[in-house]
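Single-structure report; data block below.
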Protein chains: 2
Amino acid sequence: MAPPDTRTRIVLAAMDLFFLKGFGSTSVADILSRSQVNSGSLYHFFPGKQDVLLAVLEFYRDGIREMLLDPAWQGVDDPIERIFALLGAYRTMLVESDCTYGCPIGSLALELHEPDPAVRALLEANFDAWTGAIEGCLAAGADRLPPDIDRRALAEFALTAMEGGVMQARTARDIARFDRTVDQLRHHFTMLRSGAGAPFTAA
Amino acid sequence: MAPPDTRTRIVLAAMDLFFLKGFGSTSVADILSRSQVNSGSLYHFFPGKQDVLLAVLEFYRDGIREMLLDPAWQGVDDPIERIFALLGAYRTMLVESDCTYGCPIGSLALELHEPDPAVRALLEANFDAWTGAIEGCLAAGADRLPPDIDRRALAEFALTAMEGGVMQARTARDIARFDRTVDQLRHHFTMLRSGAGAPFTAA
DNA sequence: CTCGGTTAGTTGAATGATCAATCAAGGCCG
DNA sequence: CGGCCTTGATTGATCATTCAACTAACCGAG
(Lines give C-alpha, C1' and ligand atoms only; values in the text may rest on other atoms or scores of the structure.)
Protein backbone atom coordinates (compact mmCIF):
# COMPACT_ATOMS: atom_id res chain seq x y z
CA MET A 1 0.00 0.00 0.00
CA ALA A 2 1.63 3.19 -1.17
CA PRO A 3 1.56 6.04 1.33
CA PRO A 4 -1.11 8.57 0.43
CA ASP A 5 0.05 11.49 -1.67
CA THR A 6 0.12 15.03 -0.33
CA ARG A 7 -3.23 16.05 -1.69
CA THR A 8 -4.93 13.01 -0.18
CA ARG A 9 -3.23 13.55 3.15
CA ILE A 10 -4.61 17.07 3.22
CA VAL A 11 -8.13 15.93 2.36
CA LEU A 12 -8.10 13.18 4.99
CA ALA A 13 -6.77 15.48 7.69
CA ALA A 14 -9.19 18.22 6.76
CA MET A 15 -12.09 15.77 6.77
CA ASP A 16 -11.29 14.68 10.31
CA LEU A 17 -11.00 18.25 11.49
CA PHE A 18 -14.00 19.71 9.67
CA PHE A 19 -16.18 16.85 10.88
CA LEU A 20 -14.92 17.12 14.43
CA LYS A 21 -14.62 20.85 14.99
CA GLY A 22 -16.47 22.38 12.07
CA PHE A 23 -15.18 24.52 9.23
CA GLY A 24 -14.84 27.84 10.97
CA SER A 25 -13.11 26.46 14.03
CA THR A 26 -10.55 24.57 11.98
CA SER A 27 -7.59 26.71 11.01
CA VAL A 28 -5.39 26.08 8.02
CA ALA A 29 -2.60 25.62 10.54
CA ASP A 30 -4.59 22.77 12.11
CA ILE A 31 -4.87 21.05 8.74
CA LEU A 32 -1.18 21.58 8.06
CA SER A 33 0.02 20.10 11.33
CA ARG A 34 -2.33 17.12 11.19
CA SER A 35 -1.46 16.31 7.58
CA GLN A 36 2.25 17.07 8.03
CA VAL A 37 2.26 19.39 5.08
CA ASN A 38 3.58 22.90 4.62
CA SER A 39 1.34 25.77 3.76
CA GLY A 40 2.96 26.23 0.37
CA SER A 41 2.03 22.68 -0.60
CA LEU A 42 -1.54 23.09 0.50
CA TYR A 43 -1.87 26.26 -1.53
CA HIS A 44 -0.23 24.51 -4.43
CA PHE A 45 -3.15 22.06 -4.61
CA PHE A 46 -5.96 24.27 -3.36
CA PRO A 47 -6.64 27.93 -4.11
CA GLY A 48 -7.91 28.44 -0.57
CA LYS A 49 -9.37 26.92 2.55
CA GLN A 50 -12.85 26.69 1.08
CA ASP A 51 -11.60 24.57 -1.79
CA VAL A 52 -10.29 22.08 0.75
CA LEU A 53 -13.83 21.87 2.08
CA LEU A 54 -15.13 21.23 -1.42
CA ALA A 55 -12.66 18.39 -1.84
CA VAL A 56 -13.67 16.91 1.52
CA LEU A 57 -17.37 17.03 0.64
CA GLU A 58 -16.70 15.40 -2.73
CA PHE A 59 -14.56 12.76 -1.10
CA TYR A 60 -17.22 11.93 1.46
CA ARG A 61 -20.04 11.93 -1.06
CA ASP A 62 -18.09 9.55 -3.29
CA GLY A 63 -17.11 7.32 -0.38
CA ILE A 64 -20.43 7.08 1.38
CA ARG A 65 -20.79 3.41 0.57
CA GLU A 66 -17.39 2.31 1.85
CA MET A 67 -17.20 4.76 4.75
CA LEU A 68 -20.76 4.63 6.00
CA LEU A 69 -23.17 2.16 4.41
CA ASP A 70 -21.04 -0.98 4.12
CA PRO A 71 -19.90 -0.94 7.77
CA ALA A 72 -23.42 -0.18 8.99
CA TRP A 73 -25.00 -2.91 6.89
CA GLN A 74 -22.59 -5.72 7.67
CA GLY A 75 -24.72 -8.76 8.43
CA VAL A 76 -27.98 -6.93 7.85
CA ASP A 77 -29.82 -8.10 4.77
CA ASP A 78 -33.38 -7.05 5.38
CA PRO A 79 -33.82 -3.79 3.51
CA ILE A 80 -36.08 -2.17 6.10
CA GLU A 81 -33.81 -3.19 8.94
CA ARG A 82 -30.93 -1.64 7.02
CA ILE A 83 -32.57 1.74 7.51
CA PHE A 84 -32.48 1.26 11.24
CA ALA A 85 -29.02 -0.27 11.10
CA LEU A 86 -27.84 2.98 9.53
CA LEU A 87 -29.46 4.95 12.31
CA GLY A 88 -27.76 2.55 14.70
CA ALA A 89 -24.40 3.55 13.23
CA TYR A 90 -25.12 7.16 14.12
CA ARG A 91 -26.18 6.04 17.57
CA THR A 92 -22.83 4.33 17.99
CA MET A 93 -20.98 7.47 16.95
CA LEU A 94 -22.96 9.49 19.47
CA VAL A 95 -22.35 7.04 22.30
CA GLU A 96 -18.65 6.66 21.56
CA SER A 97 -18.19 10.42 21.61
CA ASP A 98 -20.34 11.09 24.67
CA CYS A 99 -23.05 12.60 22.48
CA THR A 100 -20.59 15.05 20.98
CA TYR A 101 -20.16 13.79 17.43
CA GLY A 102 -23.24 13.37 15.31
CA CYS A 103 -23.75 13.81 11.58
CA PRO A 104 -20.87 15.79 10.11
CA ILE A 105 -22.83 16.90 7.06
CA GLY A 106 -25.70 18.18 9.15
CA SER A 107 -23.34 20.14 11.36
CA LEU A 108 -21.66 21.76 8.39
CA ALA A 109 -25.01 22.45 6.73
CA LEU A 110 -26.18 24.49 9.70
CA GLU A 111 -22.81 26.05 10.49
CA LEU A 112 -22.41 27.65 7.09
CA HIS A 113 -25.18 30.22 6.97
CA GLU A 114 -24.44 31.68 3.59
CA PRO A 115 -22.43 28.97 1.93
CA ASP A 116 -20.82 29.38 -1.42
CA PRO A 117 -23.10 27.87 -4.07
CA ALA A 118 -20.60 25.11 -4.74
CA VAL A 119 -20.44 24.21 -1.05
CA ARG A 120 -24.20 24.24 -0.73
CA ALA A 121 -24.57 22.03 -3.77
CA LEU A 122 -22.16 19.49 -2.32
CA LEU A 123 -23.89 19.46 1.03
CA GLU A 124 -27.12 18.78 -0.83
CA ALA A 125 -25.40 16.08 -2.86
CA ASN A 126 -24.32 14.40 0.37
CA PHE A 127 -27.88 14.46 1.69
CA ASP A 128 -29.15 13.16 -1.63
CA ALA A 129 -26.69 10.27 -1.52
CA TRP A 130 -27.99 9.42 1.95
CA THR A 131 -31.67 9.60 1.10
CA GLY A 132 -30.97 7.82 -2.17
CA ALA A 133 -29.57 4.86 -0.24
CA ILE A 134 -32.64 4.81 2.00
CA GLU A 135 -34.91 5.05 -1.00
CA GLY A 136 -33.13 2.00 -2.36
CA CYS A 137 -33.94 0.13 0.85
CA LEU A 138 -37.57 1.17 0.61
CA ALA A 139 -37.71 -0.02 -2.99
CA ALA A 140 -36.11 -3.33 -2.04
CA GLY A 141 -38.61 -3.79 0.77
CA ALA A 142 -41.58 -2.50 -1.18
CA ASP A 143 -43.44 -5.78 -0.75
CA ARG A 144 -43.85 -5.03 2.93
CA LEU A 145 -45.09 -1.50 2.49
CA PRO A 146 -48.27 -0.05 1.03
CA PRO A 147 -47.86 0.22 -2.72
CA ASP A 148 -48.90 3.87 -2.93
CA ILE A 149 -46.20 5.06 -0.59
CA ASP A 150 -44.04 8.10 -1.48
CA ARG A 151 -40.57 6.59 -1.14
CA ARG A 152 -38.73 9.83 -1.64
CA ALA A 153 -40.72 11.57 1.07
CA LEU A 154 -40.27 8.68 3.46
CA ALA A 155 -36.51 8.54 2.86
CA GLU A 156 -36.27 12.26 3.52
CA PHE A 157 -38.27 11.71 6.68
CA ALA A 158 -35.73 9.16 7.84
CA LEU A 159 -33.00 11.76 7.29
CA THR A 160 -35.10 14.27 9.19
CA ALA A 161 -35.46 11.87 12.09
CA MET A 162 -31.74 11.11 12.14
CA GLU A 163 -30.66 14.75 12.01
CA GLY A 164 -33.24 15.93 14.49
CA GLY A 165 -32.46 13.10 16.87
CA VAL A 166 -28.73 13.73 16.63
CA MET A 167 -29.23 17.43 17.27
CA GLN A 168 -31.29 16.84 20.39
CA ALA A 169 -29.04 14.10 21.74
CA ARG A 170 -26.01 16.32 21.27
CA THR A 171 -27.63 19.33 22.84
CA ALA A 172 -29.00 17.44 25.82
CA ARG A 173 -25.93 15.19 26.02
CA ASP A 174 -28.42 12.37 26.34
CA ILE A 175 -28.63 9.43 23.96
CA ALA A 176 -32.22 8.79 25.06
CA ARG A 177 -33.34 11.71 22.91
CA PHE A 178 -31.96 9.97 19.86
CA ASP A 179 -33.48 6.65 20.91
CA ARG A 180 -36.91 8.16 21.37
CA THR A 181 -36.74 9.71 17.91
CA VAL A 182 -35.81 6.37 16.36
CA ASP A 183 -38.60 4.66 18.27
CA GLN A 184 -41.05 7.15 16.85
CA LEU A 185 -39.76 6.54 13.34
CA ARG A 186 -40.05 2.80 13.84
CA HIS A 187 -43.59 3.28 15.00
CA HIS A 188 -44.21 5.38 11.90
CA PHE A 189 -43.12 2.43 9.78
CA THR A 190 -45.23 0.01 11.80
CA MET A 191 -48.30 2.14 11.33
CA LEU A 192 -47.60 2.59 7.64
CA ARG A 193 -47.29 -1.15 7.22
CA SER A 194 -50.62 -1.74 8.90
CA GLY A 195 -52.11 0.59 6.32
CA ALA A 196 -53.61 2.97 8.84
CA GLY A 197 -55.03 6.32 7.88
CA ALA A 198 -55.74 7.60 4.44
CA PRO A 199 -53.13 6.86 1.78
CA PHE A 200 -50.53 9.55 2.02
CA THR A 201 -50.60 12.30 -0.57
CA ALA A 202 -48.54 15.45 -0.67
CA ALA A 203 -50.44 18.65 0.06
CA MET B 1 -41.82 54.03 25.72
CA ALA B 2 -38.34 54.68 27.07
CA PRO B 3 -35.51 53.86 24.68
CA PRO B 4 -33.88 50.55 25.57
CA ASP B 5 -30.88 50.80 27.84
CA THR B 6 -27.41 49.93 26.67
CA ARG B 7 -27.42 46.37 27.91
CA THR B 8 -30.72 45.64 26.19
CA ARG B 9 -29.53 47.25 22.96
CA ILE B 10 -26.53 44.94 23.00
CA VAL B 11 -28.63 41.83 23.62
CA LEU B 12 -31.12 42.71 20.88
CA ALA B 13 -28.40 43.47 18.36
CA ALA B 14 -26.47 40.35 19.29
CA MET B 15 -29.63 38.23 19.02
CA ASP B 16 -30.26 39.43 15.49
CA LEU B 17 -26.69 38.78 14.48
CA PHE B 18 -26.18 35.43 16.21
CA PHE B 19 -29.46 34.17 14.77
CA LEU B 20 -28.67 35.44 11.31
CA LYS B 21 -24.96 34.73 10.92
CA GLY B 22 -24.15 32.42 13.80
CA PHE B 23 -21.91 32.98 16.79
CA GLY B 24 -18.53 32.45 15.21
CA SER B 25 -19.22 34.60 12.19
CA THR B 26 -20.45 37.51 14.27
CA SER B 27 -17.62 39.73 15.47
CA VAL B 28 -17.81 41.90 18.54
CA ALA B 29 -17.34 44.80 16.16
CA ASP B 30 -20.54 43.72 14.38
CA ILE B 31 -22.46 43.81 17.63
CA LEU B 32 -20.98 47.19 18.52
CA SER B 33 -21.88 48.86 15.26
CA ARG B 34 -25.41 47.42 15.14
CA SER B 35 -26.14 48.37 18.76
CA GLN B 36 -24.38 51.75 18.51
CA VAL B 37 -22.30 51.00 21.57
CA ASN B 38 -18.59 51.27 22.23
CA SER B 39 -16.48 48.30 23.15
CA GLY B 40 -15.82 49.63 26.61
CA SER B 41 -19.54 49.69 27.37
CA LEU B 42 -20.06 46.17 26.12
CA TYR B 43 -17.24 44.92 28.30
CA HIS B 44 -18.63 46.89 31.19
CA PHE B 45 -21.78 44.73 31.09
CA PHE B 46 -20.36 41.45 29.82
CA PRO B 47 -17.09 39.74 30.69
CA GLY B 48 -16.74 38.54 27.09
CA LYS B 49 -18.44 37.66 23.85
CA GLN B 50 -19.65 34.32 25.14
CA ASP B 51 -21.51 36.00 27.98
CA VAL B 52 -23.41 38.02 25.41
CA LEU B 53 -24.48 34.72 23.89
CA LEU B 54 -25.65 33.52 27.29
CA ALA B 55 -27.73 36.66 27.72
CA VAL B 56 -29.23 36.20 24.25
CA LEU B 57 -30.18 32.59 24.95
CA GLU B 58 -31.76 33.54 28.27
CA PHE B 59 -33.63 36.37 26.64
CA TYR B 60 -34.99 34.13 23.90
CA ARG B 61 -35.90 31.34 26.27
CA ASP B 62 -37.79 33.76 28.51
CA GLY B 63 -39.52 35.40 25.57
CA ILE B 64 -40.53 32.34 23.61
CA ARG B 65 -44.20 32.95 24.28
CA GLU B 66 -44.27 36.54 23.12
CA MET B 67 -41.72 36.20 20.35
CA LEU B 68 -42.72 32.83 18.91
CA LEU B 69 -45.84 31.14 20.27
CA ASP B 70 -48.31 34.02 20.53
CA PRO B 71 -47.77 35.24 16.97
CA ALA B 72 -47.90 31.70 15.61
CA TRP B 73 -51.08 30.81 17.49
CA GLN B 74 -53.09 33.92 16.72
CA GLY B 75 -56.54 32.73 15.72
CA VAL B 76 -55.68 29.06 16.19
CA ASP B 77 -57.48 27.48 19.11
CA ASP B 78 -57.39 23.80 18.36
CA PRO B 79 -54.45 22.42 20.35
CA ILE B 80 -53.36 19.91 17.72
CA GLU B 81 -53.59 22.49 14.95
CA ARG B 82 -51.42 24.76 17.10
CA ILE B 83 -48.59 22.31 16.67
CA PHE B 84 -48.82 22.67 12.92
CA ALA B 85 -49.37 26.40 13.18
CA LEU B 86 -46.03 26.61 14.95
CA LEU B 87 -44.41 24.62 12.17
CA GLY B 88 -46.13 27.02 9.79
CA ALA B 89 -44.35 29.91 11.47
CA TYR B 90 -41.01 28.29 10.69
CA ARG B 91 -42.19 27.72 7.16
CA THR B 92 -42.92 31.42 6.84
CA MET B 93 -39.46 32.31 8.11
CA LEU B 94 -37.92 29.96 5.58
CA VAL B 95 -39.95 31.32 2.69
CA GLU B 96 -39.36 34.96 3.61
CA SER B 97 -35.63 34.40 3.76
CA ASP B 98 -35.36 32.28 0.61
CA CYS B 99 -34.76 29.17 2.68
CA THR B 100 -31.83 30.80 4.43
CA TYR B 101 -33.12 31.43 7.93
CA GLY B 102 -34.47 28.47 9.86
CA CYS B 103 -34.39 27.71 13.58
CA PRO B 104 -31.77 29.90 15.25
CA ILE B 105 -31.41 27.60 18.24
CA GLY B 106 -30.83 24.56 16.07
CA SER B 107 -28.19 26.39 14.07
CA LEU B 108 -26.35 27.46 17.19
CA ALA B 109 -26.67 23.98 18.68
CA LEU B 110 -24.88 22.42 15.74
CA GLU B 111 -22.44 25.26 15.20
CA LEU B 112 -20.97 25.10 18.69
CA HIS B 113 -19.24 21.74 18.76
CA GLU B 114 -17.82 21.92 22.23
CA PRO B 115 -19.98 24.49 23.89
CA ASP B 116 -19.32 25.80 27.33
CA PRO B 117 -21.54 23.92 29.80
CA ALA B 118 -23.55 27.07 30.47
CA VAL B 119 -24.17 27.59 26.77
CA ARG B 120 -25.14 23.97 26.25
CA ALA B 121 -27.54 24.11 29.19
CA LEU B 122 -29.25 27.18 27.76
CA LEU B 123 -29.56 25.64 24.32
CA GLU B 124 -31.18 22.64 25.97
CA ALA B 125 -33.43 24.95 27.98
CA ASN B 126 -34.59 26.57 24.75
CA PHE B 127 -35.40 23.19 23.25
CA ASP B 128 -37.18 22.19 26.43
CA ALA B 129 -39.31 25.33 26.34
CA TRP B 130 -40.28 24.44 22.78
CA THR B 131 -41.12 20.81 23.44
CA GLY B 132 -42.84 21.82 26.65
CA ALA B 133 -45.20 24.04 24.68
CA ILE B 134 -45.96 21.20 22.27
CA GLU B 135 -46.49 18.83 25.17
CA GLY B 136 -49.03 21.30 26.49
CA CYS B 137 -50.87 21.14 23.16
CA LEU B 138 -50.84 17.36 23.25
CA ALA B 139 -52.23 17.39 26.77
CA ALA B 140 -54.94 19.86 25.76
CA GLY B 141 -55.89 17.69 22.81
CA ALA B 142 -55.54 14.41 24.66
CA ASP B 143 -59.16 13.50 23.99
CA ARG B 144 -58.36 13.06 20.33
CA LEU B 145 -55.29 10.89 20.83
CA PRO B 146 -54.83 7.38 22.18
CA PRO B 147 -54.67 7.55 25.98
CA ASP B 148 -51.45 5.57 26.28
CA ILE B 149 -49.44 7.97 24.14
CA ASP B 150 -46.02 9.20 25.30
CA ARG B 151 -46.53 12.94 25.07
CA ARG B 152 -42.94 13.83 25.79
CA ALA B 153 -41.64 11.55 23.05
CA LEU B 154 -44.19 12.86 20.59
CA ALA B 155 -43.34 16.49 21.38
CA GLU B 156 -39.66 15.74 20.89
CA PHE B 157 -40.55 14.09 17.61
CA ALA B 158 -42.27 17.28 16.48
CA LEU B 159 -39.07 19.18 17.28
CA THR B 160 -37.11 16.56 15.38
CA ALA B 161 -39.35 16.99 12.36
CA MET B 162 -39.09 20.77 12.48
CA GLU B 163 -35.31 20.82 12.83
CA GLY B 164 -34.72 18.12 10.25
CA GLY B 165 -37.11 19.74 7.81
CA VAL B 166 -35.53 23.15 8.27
CA MET B 167 -32.08 21.69 7.75
CA GLN B 168 -33.02 20.01 4.51
CA ALA B 169 -34.98 22.97 3.18
CA ARG B 170 -32.06 25.27 3.89
CA THR B 171 -29.51 22.95 2.37
CA ALA B 172 -31.53 22.28 -0.76
CA ARG B 173 -32.87 25.85 -0.87
CA ASP B 174 -36.23 24.21 -1.45
CA ILE B 175 -39.23 24.71 0.78
CA ALA B 176 -40.75 21.47 -0.53
CA ARG B 177 -38.36 19.52 1.69
CA PHE B 178 -39.84 21.19 4.72
CA ASP B 179 -43.37 20.67 3.47
CA ARG B 180 -42.81 16.97 2.88
CA THR B 181 -41.46 16.57 6.39
CA VAL B 182 -44.51 18.32 7.86
CA ASP B 183 -46.79 16.17 5.72
CA GLN B 184 -45.14 13.08 7.11
CA LEU B 185 -45.56 14.34 10.65
CA ARG B 186 -49.21 15.09 10.00
CA HIS B 187 -49.65 11.60 8.67
CA HIS B 188 -47.93 10.31 11.81
CA PHE B 189 -50.61 12.05 13.87
CA THR B 190 -53.38 10.75 11.63
CA MET B 191 -52.18 7.20 12.02
CA LEU B 192 -51.76 7.60 15.76
CA ARG B 193 -55.28 8.87 16.04
CA SER B 194 -56.65 5.89 14.15
CA GLY B 195 -54.94 3.72 16.73
CA ALA B 196 -52.94 1.75 14.23
CA GLY B 197 -50.13 -0.56 15.22
CA ALA B 198 -49.26 -1.74 18.67
CA PRO B 199 -49.45 0.88 21.38
CA PHE B 200 -46.15 2.67 21.42
CA THR B 201 -43.68 1.78 24.15
CA ALA B 202 -40.12 2.96 24.51
CA ALA B 203 -37.48 0.30 23.88
C1' DC C 1 -27.96 75.24 48.42
C1' DT C 2 -23.20 73.77 47.53
C1' DC C 3 -19.10 71.50 47.66
C1' DG C 4 -16.37 66.99 47.46
C1' DG C 5 -16.46 62.50 46.66
C1' DT C 6 -18.20 58.17 45.01
C1' DT C 7 -20.06 55.31 41.64
C1' DA C 8 -21.95 53.81 37.17
C1' DG C 9 -21.44 54.22 32.63
C1' DT C 10 -18.84 55.77 28.35
C1' DT C 11 -15.16 56.61 25.06
C1' DG C 12 -12.09 54.84 21.43
C1' DA C 13 -7.34 54.07 20.59
C1' DA C 14 -4.05 50.42 21.61
C1' DT C 15 -2.66 45.54 22.20
C1' DG C 16 -1.46 41.12 21.12
C1' DA C 17 -3.14 36.94 19.31
C1' DT C 18 -4.68 34.37 15.45
C1' DC C 19 -5.65 33.69 10.90
C1' DA C 20 -5.64 32.84 5.73
C1' DA C 21 -2.81 33.54 2.20
C1' DT C 22 1.77 34.75 -0.26
C1' DC C 23 6.15 34.13 -2.30
C1' DA C 24 10.93 33.75 -3.24
C1' DA C 25 14.03 30.18 -2.97
C1' DG C 26 15.21 25.62 -3.59
C1' DG C 27 14.84 20.39 -4.41
C1' DC C 28 13.59 16.35 -7.16
C1' DC C 29 13.11 13.82 -11.34
C1' DG C 30 12.24 13.49 -16.08
C1' DC D 1 17.45 22.23 -18.44
C1' DG D 2 12.40 22.50 -16.95
C1' DG D 3 8.15 21.37 -14.85
C1' DC D 4 6.28 19.80 -10.54
C1' DC D 5 6.30 20.07 -5.92
C1' DT D 6 8.05 21.71 -1.31
C1' DT D 7 9.79 24.84 2.18
C1' DG D 8 8.69 28.13 5.89
C1' DA D 9 9.25 32.77 7.06
C1' DT D 10 6.45 36.73 6.15
C1' DT D 11 2.46 39.70 5.44
C1' DG D 12 -1.52 42.15 6.39
C1' DA D 13 -6.08 41.63 7.93
C1' DT D 14 -9.20 40.62 11.53
C1' DC D 15 -10.30 39.48 15.98
C1' DA D 16 -11.51 39.75 21.12
C1' DT D 17 -10.13 42.24 24.79
C1' DT D 18 -7.97 46.03 27.66
C1' DC D 19 -7.32 50.43 29.64
C1' DA D 20 -6.80 55.00 31.14
C1' DA D 21 -9.16 59.01 30.75
C1' DC D 22 -13.64 61.12 30.74
C1' DT D 23 -18.75 62.38 31.88
C1' DA D 24 -22.99 62.33 34.47
C1' DA D 25 -25.71 61.37 38.17
C1' DC D 26 -26.25 60.99 42.85
C1' DC D 27 -25.51 61.60 47.99
C1' DG D 28 -24.30 63.16 52.37
C1' DA D 29 -22.01 66.83 55.09
C1' DG D 30 -21.46 71.53 56.09
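Just so we're on the same page: letters track the sequence lines, and every chain starts at 1.
- Using a 4.0 Å cut-off on heavy atoms, none of the residues of residues 107-119 of chain A approach DNA chain D.
- Each of A/V28 and A/S41 has a nearest nucleotide on DNA chain C; the 5'-most of these lies closest to A/V28.
- Rounding to the nearest 0.5 angstrom, the gap separating the CG atom in A/L86 from the CZ atom in A/F84 is 11.0 Å.
- Here D/dA16 presents its C1' atom at 15 Å from CD1 of B/I10, a figure rounded to the nearest Å.
- Between the side chains of A/T160 and B/T181, at least one donor N or O sits under 3.5 Å from an acceptor N or O.
- A/Q36 places its CD atom 10 Å from the P atom of D/dT7, with the value rounded to the nearest Å.
- A parallel orientation is assigned to the rings of A/H188 and B/H188, their planes being inclined by less than 30° (bins at 30° and 60°).
- No contact: B/S25 has no heavy atom under 4.0 Å from any strand.
- Between B/Y43 atom OH and D/dA20 atom P there is a gap of 17 Å when expressed in whole angstrom units.
- Which of D/dC15, D/dT6, D/dT17 sits closest to the side chain of B/S27 comes down to D/dC15.
- The distance from the CE atom of B/M167 to the SG atom of B/C103 is 10.5 Å, given to the nearest 0.5 Å.
- For D/dT18, its base sits under 3.5 Å from the side chain of B/S39 at one donor and acceptor pair at least.
- Rounded to a whole Å, the CZ atom of A/F46 is 12 Å from the P atom of D/dC5.
- Looking at A/R173 and A/D98, no side-chain N of the basic residue comes within less than 4.0 Å of a carboxylate O on the acidic one, giving no salt bridge.
- In the 5' to 3' direction, nucleotides of DNA chain C lying under 4.0 Å from heavy atoms of chain A begin and end at C/dC19 to C/dC23.
- The side chain of A/N38 lies closest to D/dT7 when the candidates are D/dT17, D/dT7, D/dC5.
- Taking the charged nitrogens against the carboxylate oxygens, A/D183 and A/R91 have no contact shorter than 4.0 Å, which rules out a salt bridge.
- Applying the 4.0 Å criterion to OP1 and OP2 of D/dT6, one finds that A/H44 has every side-chain N and O outside that range.
- Between A/F46 and the choices A/L54, A/I31, A/V11, the side chain to side chain contact (heavy atoms under 4.5 Å, CB included) rule is met once, by A/V11.
- Atom CG of B/L42 is separated from atom C1' of D/dA16 by 10 Å (rounded to the nearest Å).
- The CG atom of A/L112 sits 12.0 Å away from atom CZ of A/R120, with the distance rounded to the nearest 0.5 Å.
- Distance CZ (B/F45) to C1' (D/dT17): 17 Å, rounded to an integer number of Å.
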Evaluate A/L108 against A/V119 for side chain to side chain contact (heavy atoms under 4.5 Å, CB included), listing each step before the verdict. CA-CA 10 Å; A/L108 287 171; A/V119 173; over 6 Å; no
